[in-house]
Amino acid sequence: MDFSPTVTLDGARRLLVSFEGETSPPADGGDAPEGPEVQVAGRVMQFRMQGKSCFAHIEDDGERMQVWFKLDRIGEQPYAVVRLLDYGDIVGVRGRVMRTRTGEPTVVADAITLLVKALQAPPEKYHGLQDQETRYRKRHLDLLSSVEQRRHFAARTAVVRSLRRTLEARGFLEVETPILQPIPGGATARPFTTHWNALRTDVFLRIAIELHLKRLLVGGYRQVFEIGRVFRNEGLSPRHNPEFTMLEAYEAYSDYNGMRALTEALVVEAASALGPQPGAEQQGGAFPCEDPLRRSVAGRELVLTPPFRTVRMVDLVRDICGFDPVAEWDDLAGHARRLGVEVQTSDGPGATLFDIYEQRVESQLWDPTFVLDYPAEVSPLARHRSDDSRFVERFELIIAGRELANAFSELNDPIDQRRRFEEQARLRAAGDDEAFVVDEDFLEAIEMGMPPAGGLGLGVDRLVMVLTDSPSIRDVLLFPTMRPRHRDDETHSVAAHLSPSRRAEEA
RNA sequence: GCCCGGUUAGCUCAGUCUGGUCAGAGCAGGGGACUCUUAAUCCCUUUGUCACAGGUUCGAAUCCUGUACCGGGUACCA
């Protein structure tokens, strides 16, 4: 059963083309000349059995090639194998490249090797796999039946590669920091909890990367970044998955303005790396478009050409809601009521302003917009503005109504930082289970002196969603989080399988 | 969590409003014909817990209730 392909399917096609370039076309009525011998492998996606001859299409790595089996050429025994082929089988074929009368590049077979037999029927060959649940739960079938899906997920990889390249080109060092943490910090979110048997203690899956990267700045690294999974114990939605991929980058002696330039470069270069958007929906005659920075998202044009719009949050609120939040700082709760904005009873003016912005302004932002200067109240890790301590040097990048990135001039004053942690602790005591927990290790680290720095967090999945025009985060995750599908007895059997090892470890 | 919609053969789907030859089609599977096909074609043919559990009824895929799962929306979510 030894078989190894000598060329890819695309390679075989190129061999045929170059062979034809060196050969004069056949005389009238003659069969097309046969090119060099190749060995190719792939999965049988279609075949058309015609008695003593059979055409099949095999597919491998996104490429497709026709194979032609003829009884009188391949022989009785091998042809018996052809007769037994099923959709989904993976075969190796030795043969010669040629072109059929219809002009299709084809490997005419001299030998066939059945590499693996498919025992499960593949999805319907014409419509493909339509059921959303099956496409998410059994992604291998989704990918198998759709070249487009395989290309789509390769685009995600291209984005991540571009992010990495952009940062490395600017001198950033990629690092890896713990996912299991004794105290989850760096964001306001509920964590997933797990148990460390040996130490008989609960640990948490990280909700952000932030605090460890800042400790690396204390340690003397000037530019660091990490691309990794973070986990938040929240609901599913088209824009939220409990585990998602975050890029965080920190640069000493920079600030949020430096991070703004970096963020813009990351987005623009990622879009350029993807190239022009394929098959964008026609909208106002603008698409398809050769400019990779002009894209279609949800049927609407999105222009990513720099520089991105930059505007302060208070100016946005003033322009869209019709009042000046700074001048009317003490009446923000009243404005929120008039606008029908829902606020928490514990909200101060800063949090109320943020509620108004989030509920009335943010979703209206379409083209890339840096929203500057958030209320200090909702930004416990960012540095105050020197001209107005109610606000911090922070921005979020909004594209197509979605938050893509969040950055600030990092708070590096340990005394101020401790005060803000204690304020968060008060909120937590008052029932806010998303407020920060005081992280003494982090405080001790920055008491050593953390250089002034800019820091950035970017939602990689959301960037990929925008750049690939994907309406749901599940469409950019190969295996999105799904509600576990179980029967009662299975639940118990899983527990039964897990518990002996846990007992052994704890003994 | 809440609201709306969906769940019928391995796959893609009709059938549900109006209960009663409705257990159906195409593809896949099985048998046969076919040596330039392209969702090949032609003849024959197998396949079902109509999501699950109750209820109404002489009779339920169809009506009612509950449950599960999926999708869309919404909420939580820097």
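To find a chain, count down the sequence lines: A is the first, B the second, and so on, and within it residues start at 1. Note that these values count all heavy atoms, side chains included, but never hydrogens, waters or copies made by symmetry.
Scanning both residues, A:Asp461 and A:Val476, for their nearest heavy atoms gives O-CG2, 3.7 Å. Closest approach of A:Ala376 and A:Ser389 over heavy atoms only: CB-O, 3.8 Å.
Within the structure, every side-chain polar atom (N or O) of A:Arg135 is placed at least 4.0 Å from both OP1 and OP2 of B:C70.
With C1' as the reference atom, B:U12 and B:G73 are 27 Å apart, rounded to whole Å. Remark: the separation of the P atoms in B:A14 and B:G26 is 16 Å, to the nearest Å. B:C4 and B:C44 have their P atoms separated by 48 Å, with the value rounded to a whole Å. B:G10 sits 34 Å from B:U57 when the P atoms are compared, rounded to a whole Å. A distance of about 40 Å separates the P atoms of B:A75 and B:G19, rounded to the whole Å. For the P atom pair drawn from B:U46 and B:G24, the interatomic distance equals 11 Å after rounding to whole Å. Rounded to a whole angstrom, the distance from the C1' atom of B:U8 to that of B:C50 is 4 Å. Separating the C1' atom of B:U62 from that of B:C43 is a span of 36 Å, rounded to the nearest Å.
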Each nucleotide of nucleotides 31-38 of chain B classed B (base within 4.0 Å of a protein heavy atom), S (only sugar-phosphate) or -, in 5' to 3' order, makes ---BBBBB
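Counting non-hydrogen atoms under 4.0 angstrom, A:Ala187 reaches nothing in the nucleic acid. Within 4.0 Å (heavy atoms only), A:Leu236 reaches at least one base atom of the nucleic acid.
Under the 3.5 Å distance criterion, with hydrogens and angles disregarded, no donor-acceptor pair is assigned to the side chains of A:Arg156 and A:Ser470.
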Using a cutoff of under 3.5 Å, can you pull out all pairs of nitrogen or oxygen atoms linking the protein to nucleotides 4-11 of chain B, with atom names and distances?
unit_1: B:C11; atom_1: O2'; unit_2: A:Glu124; atom_2: N; d: 2.8

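In this structure, CG on A:Asn241 lies 11.0 Å from CD on A:Glu234, to the nearest 0.5 angstrom.
Ionic pairing of A:Arg14 and A:Asp10 is present here: one or more N-O contacts between side-chain nitrogen and carboxylate oxygen are shorter than 4.0 angstrom.
Comparing A:Tyr136 and A:Glu396, the nucleotide of RNA chain B nearest to each residue sits closer to the 5' end for A:Tyr136.
Of the listed nucleotides (B:C76, B:C69, B:A40), B:A40 has the atom at the smallest distance from the side chain of A:Tyr87.
For A:Thr352, the side-chain hydrogen bond (donor to acceptor under 3.5 Å, both in side chains) test picks out no residue, with sequence neighbours left out.
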